[in-house]
Amino acid sequence: MIRAIKGTRDLLPPDTAVWNRVEAVAREVFRTYSYHEIRTPILEETQLFARGVGKETDIVSKEMYTFDDRDGTSVTLRPEATASVIRAYIEHRLDQKPGVQKLYYIGPMFRRERPQKGRYRQFFQIGAEAIGSDSPFIDAEVIEMVVEILTRAGLEGFTLLINSVGDANCRPAYVEKLRSALRSVASRLCEDCQRRVETNPLRVLDCKVPEDQIVIDQLPSILDNLCGVCLPHFETVQAHLRERGIPFEIKSRLVRGLDYYMRTTFEVVHGNLGAQNSVLGGGRYDGLAESLGSSVPAPGIGFSIGEDRLVMTVGQSTGDVPDIFLAPLGETALLHAGGLARDLRRRGVSVEVAANAKLKRAMELANKLGARYALILGDDEIAAGQYSLKNMQSGDQRRVTRDELFSTIGS
Ligand SMILES: [Zn+2]
Ligand SMILES: [Zn+2]
């Protein structure tokens, strides 16, 4: 038997109904914030992610699905979408379009991580990017939009964490301060962190190893080291969030290891997800477009929601049930049922037809499918212009004309 590849999975009904609902909620929220959908290829040149995500990251160094195309080009299944969106922004000169470019995406990403609960090698993200403004107003709007999506999707009890990671002006000095503080405590940290002290000290701050936490908590905070531009920017973001009644916590350890991330970073965590409890992460990346070859600055901010984890958290679905189940008795009735089903469907009614079942089996099936109504069509009924309509919940059965049927079901 051939099975799905390790770390991938089939999404089946009734679960797909939850996925569709979450995505419909997201699309509706995006619409009201004037975000428009972008669909980029799943396959990109490998160098896009090497430059846009960073060679030093675990994602690029260990987790990407990379292979040589037949012409020798190294290509990669996208491990995230921001680099692709920015590539498209540059390639299509979206900077020349009026206003801030607000783009959203929904789709699969690929990372060869160790499979665990809620983590898959093909996973889905709902994300957005606002490109072309460095205003703290945009930061607050993006964060508000995220909170709106999660709330309307039915997520309860989540916590919004925010931070500022400074910019090219103030961060290098902080990183040096952090590095020298780390050198004196490095022996008490995990192996990865000992390496990070030299390669990327900021990454120590989001180490998840429990024994490291007490040491990390004592390290200098970026928030005490922000410059005269970054500090008011962060304070303005907070003022906007407060004004809009959005609760948040400041977590100075919330950083991104890549140089082009700057100022606002944010994350939403949820208790039900355990140690790896993040539902989404986001932040400002004002230097990313330039590092991907843009000739014009394109300050941006974005986020991505882990859709697998969000769906897992907002719970189960009973799925969609047929509004009506047609049970024709015989071939002539089946011919008639085909046309009737079409007319009902055109009115938005979901219809299932028992194409080749005896009445008893058909009614059993209607019951198992959870149909709201069953309609029995015999030759006599059709000749008389009347059908037997059964309410599957109450068990009531009555004779209805075609018009009565439409007014009962099709409204
Ligand atoms: Zn560590
Ligand atoms: Zn700064």
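Numbering of ligands and ligand atoms starts at 1, following listing order.
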Query raised in the report: Do R9's NZ or CZ and the ring of Y120 fall within the cation-pi criteria of under 6.0 Å and 45°?
Result: yes
Query raised in the report: Rounded to 10°, how many degrees is the angle SG/C190-the Zn ion (ligand 1)-SG/C193?
Result: 110°
Query raised in the report: Within 45° of the ring axis of F406 and under 6.0 Å from its six-membered ring centre, is that where the NZ or CZ of R347 lies?
Result: yes
Query raised in the report: Which single N/O/S atom of D167 lies at minimum distance from the Zn ion (ligand 2)?
Result: OD1
Query - Over-ring placement of R244 relative to F137, 6.0 Å and 45° cut-offs - result: yes
Report task. Could you grab the angle centred on the Zn ion (ligand 2), going from SG in C170 to SG in C230, to 10°? Result -> 110°
Query raised in the report: Can you tell me the N, O or S atom of D212 that's nearest the Zn ion (ligand 1)?
Result: OD2
Requested in this report: Please check if any side-chain donor atom of T76 sits under 3.5 Å from a side-chain acceptor atom of T66, or the reverse.
Outcome: yes
